[in-house]
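In what follows, a structure is listed as structure tokens, so that the remarks can point back to it.
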Amino acid sequence: MAFMGICFIFMFSPITLAESDQPVGSGPNPFSDCGIGAALFPNVHWAAVTSNVIWDIGITAVTSATSSPETCNGKKAKVAHFINDMYDTVVEETARGQGAHLVSMLEIYGCTAASHGEVVSAIRPEVSQMVTAGGYAQRSRVEKAEGYYQILTNRVDSDFPQACAS
Amino acid sequence: MHLQAIRVVLATLALFCASKVNADAPLVAAQAANLHEHNVWLRLVHYEAAENFANGYRSAVVSDSFFLADNGRVDPGAELLATLRAMLAPVTEDSPDQHAQCRFPARWLWLQRTLSLKKDTYPTVRCAAFDEWNGAQGTRSISFVLATGYLSNPASYYGHILLKFNAPQTSRMADLLDVSVNYGAIVPDQVDPVSYILNGVFGGYDGGFSHIEYFQHNHNYGEHEQRDLWEYELNLNQAEVDLITAHAWELVGKKFRYYFFRENCAYRMAEILEVLEGLEVIPKQRPWTIPQSVIRNLSRAQRHGEPLVSAVHYRPSRQSRLYDKFSGLDSEAKQTVARIVDNPDYLHEPAFRALSVSRRTNVLATLIDYYRYRLDDRMSPEHPVRKAYRKVLAARFALPSDKIVRKPRRPPAPHEGRAPGYLQAGTVYDSALGSGVTLRVRPAYYDPLDAAAGHVPHAALSMMDTELAWYGDTLRIQKIDFIHIESVNSAFTGLPRDRGQAWRLTAGVERQQMGCVEDCLVLRLQGGRGRTIRIGPQGLAGLYLGGVLQNDRRGEGYTQGYVSMFANVKPLDRLGVRLQLRHATSLDGALAEDTTIGINVRWQTGPQSDLRISYSRHGAEVVQLGAGYYW
């Protein structure tokens, strides 16, 4: 079972294997460690399908990214949340090469405005490869979002550490 | 206004004198100046006039945590003193965010300024939670955001307003992360439609404020509900921005009694803004608050000698973006889009690959919008729409990134449209009853001939639309529509799922037939589903099949089935014509068949006025001429 589990991970999430190569202290995997995955707008009762209706008054849904990556409140966790919540639009804008959601994602990441275009250009080929790979359609939304997140963080860490340091 | 200023001066003087005597100086000063009667204080705590209460006020807030005095909800003076004491109390190291200065920063801002409190007279509290919410650089400006109406949910018919707190930023594209504050009814799960409507109308629900990053609302309104977002950025100075922002923080998580017609989202958001002295944007003397009316008032208001609205930003829904891109394609490109929708593998055909990069980019951009418009979270990964979308996305990835961002065409903004209410006076000739005069009152909102900025084209939405006629001394009710909804898809692209679905629902009373003299009114609930097709650039025709439930008037029975057709055309920009033909048959009564023919012509004579002439034949022939005014 453990062998099959490893193969499962290898087959469907090759990018996540690279997590073991992450520098120490770069933080948890938000997707596995911070509870990312619940749909923000689940299939709710018909009366609540418009946001004219409050669906949870108690949630403090606004948080700001801090510079510490080690916690689930760090900027990388915020980036992961954003990608998960807005996945389809983030991928669409990556295909187009620009968009307000990409700007927002990179703002959360702390990347300078001048670096946004280069970061998007850098990740675009890998994202393209991911969405056209066999088995992509069968992956869950969270798995797809995690794949995108890994592409982004790997590329930023390797090629844009200074531009995205804030 | 002069009285308020006098209060402030008295408070300052009293504080100066009292400060020489004791540490309760601010309280003494506040009492001496009757600050609890100040408009800003009353609005900060949302006090409303209430004759049944000893002090003449009761706060609209029902959450106990909003008050610092035990009787704070009904005693502005006690609440003011309790607030001051709490503001001046020492801060506990383990929970500074619970200090009154952090829980009620707007009250604190106003009290500091009004009483001119000196820094050495109060504790300095660091409000980490509020600072984090407000962002490291604070709020630069505040916007009212109007989501246009949505005919698939009664709570959303008239649109929705939320507040957006704009952080300092260099690009409009970065504003999705701004904080937004929303107000709405707190509806329990598993509620039935009847309870939902009754509780919403008659105050059976609490309403509350919540907050979330703006991108969540942008996604929900723009992608799920296909509603355009219009952002009205306000021209306020930094002190005003700080006060409003702080007050919004005070309200997050607090509850009110929710009333759909009057004390709804538009009312509560406008109420927040009216904390600023001299600003009045809530429509007065109305039993209802329509979001578009608040926006119109905002657009007409002045602040510091300049328009209150400094900029209007448009965020089209996915559907609007699709229609905009599609309309920008030439006929050959439109055919290419249709061909790919019919067979996505055409993307790999040499004929498509031979097109220029820019042409392929434009076609694919339109297709992306089309498939995103059609995608539904419930579709499986192997659903044909998902598969087709993946192919389009892959094709787009194979082309270079967009170099130029094409701005969508901006339609007329909601504040540029006409007022929501309609009043019409006119004359009528009925071949059976003779001549008469008519009066029509429609409190809100629009019909297929006058749907305008912020409305769904060719659709209808009205409540309590009442038509009366006097023939000599006899008053007759022509009709009262308690509610009338006609939701149409205008088949703009003609692509699958954008091919003109339509439905309608009417509940009300109307004359059984024209020319009816006695015992004429029948109570009817009518509904129908249909399809529409475009006729020309601005025209639409449609066919409905439907049914009627009614009281049995003169043996007509309780049920009818009907088929109806309509055609809306616009020969000129200000001239609209609607033709209607309806054929009904009784399913359980004596009425064999019944045909109604109608022609309505509307000439827009001014921004807030029109002239209408109509002919109808249903038993008798009726011709009407009316002059209308929007209010």
Side-chain angles (χ1 to χ4, degrees), chain A residues 39-66 78 82 85-86 88-89 91-108 113 116-117 120-121 124-125 127-129 131-132 136-141, chain B residues 132-133 135-136 147 150 152-153 155-156 160 170-177 179 182-187 189-191 193 196 207-213 215-217 219-221 223-225 253 255 265 365 368 372 375 377-378 381-382 386-387 390 393-394 396-398 400-402 405:
Chain A
L40 187 68
F41 290 101
N43 286 330
V44 295
H45 188 264
W46 73 274
V49 294
T50 169
S51 52
N52 284 26
V53 171
I54 302 293
W55 30 270
D56 191 333
I57 194 173
I59 282 181
T60 299
V62 174
T63 51
S64 60
T66 66
K78 296 292 180 289
F82 185 85
D85 286 345
M86 296 292 119
D88 288 333
T89 303
V91 169
E92 173 199 332
E93 291 185 1
T94 306
R96 290 181 9 226
Q98 55 84 22
H101 292 77
L102 292 182
V103 170
S104 299
M105 179 183 73
L106 295 174
E107 287 264 329
I108 299 171
H116 288 181
V120 173
S121 295
R124 196 163 177 262
V127 175
S128 172
Q129 193 181 1
V131 303
T132 55
Y136 171 79
Q138 283 67 38
R139 293 170 74 176
S140 70
R141 179 196 179 84
Chain B
E132 185 181 357
W133 184 80
Y150 178 54
S152 294
N153 187 311
S156 308
H160 184 62
T170 55
S171 154
R172 281 291 310 162
M173 291 177 84
D175 73 334
L176 290 179
L177 300 176
V179 172
N182 194 27
Y183 177 80
I186 303 170
V187 179
D189 291 338
Q190 309 304 321
V191 65
Y196 177 70
F209 285 89
S210 64
H211 56 162
I212 206 164
E213 284 102 336
F215 69 81
Q216 304 285 9
H217 286 301
H219 179 81
N220 193 50
Y221 285 120
E223 296 287 348
H224 285 272
E225 299 180 5
K255 296 181 184 177
C265 59
I368 285 174
R372 288 296 307 273
L375 278 175
D377 287 343
R378 291 166 293 189
E382 295 310 311
R386 284 208 185 275
K387 290 171 74 170
R390 286 197 295 272
L393 211 56
R396 184 61 190 87
F397 266 112
S401 298
D402 284 341
V405 178

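By convention in this document, chain letters (A, B, ...) are assigned in the order of the sequence lines, proteins followed by strands, and residues within each chain are numbered from 1. Please read all numbers here as calculations on a predicted model, not as lab measurements.
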Provide the closest heavy-atom pair for M86(A) versus R141(A) in the form atom of the first, atom of the second, distance. N-NH2, 4.0 Å
Top residue by heavy-atom pair count (under 4.5 Å) with chain A, among L393(B), I368(B), D402(B)? D402(B)
Of all the heavy-atom pairs spanning L177(B) and E213(B), show the shortest one and how long it is. O-CG, 3.8 Å
For N182(B) and I212(B), what are the C-alpha separation, side-chain angles and deciding distance, and is it a side chain to side chain contact (heavy atoms under 4.5 Å, CB included)? CA-CA 8 Å; N182(B) 194 27; I212(B) 206 164; over 6 Å; no
Below 4.5 Å from any heavy atom of chain A, which atoms of R390(B) appear? Answer side chain, backbone, both or neither. side chain
What class does the angle between the rings of H219(B) and H224(B) fall in, given that below 30° is parallel, 30 to 60° is tilted and above 60° is perpendicular? perpendicular
Which of D88(A), V131(A), V120(A), T132(A) touches chain B most, by non-hydrogen pairs under 4.5 Å: D88(A)
Interface residue of largest heavy-atom contact number with chain B, from S104(A), G117(A), G97(A), under 4.5 Å: S104(A)
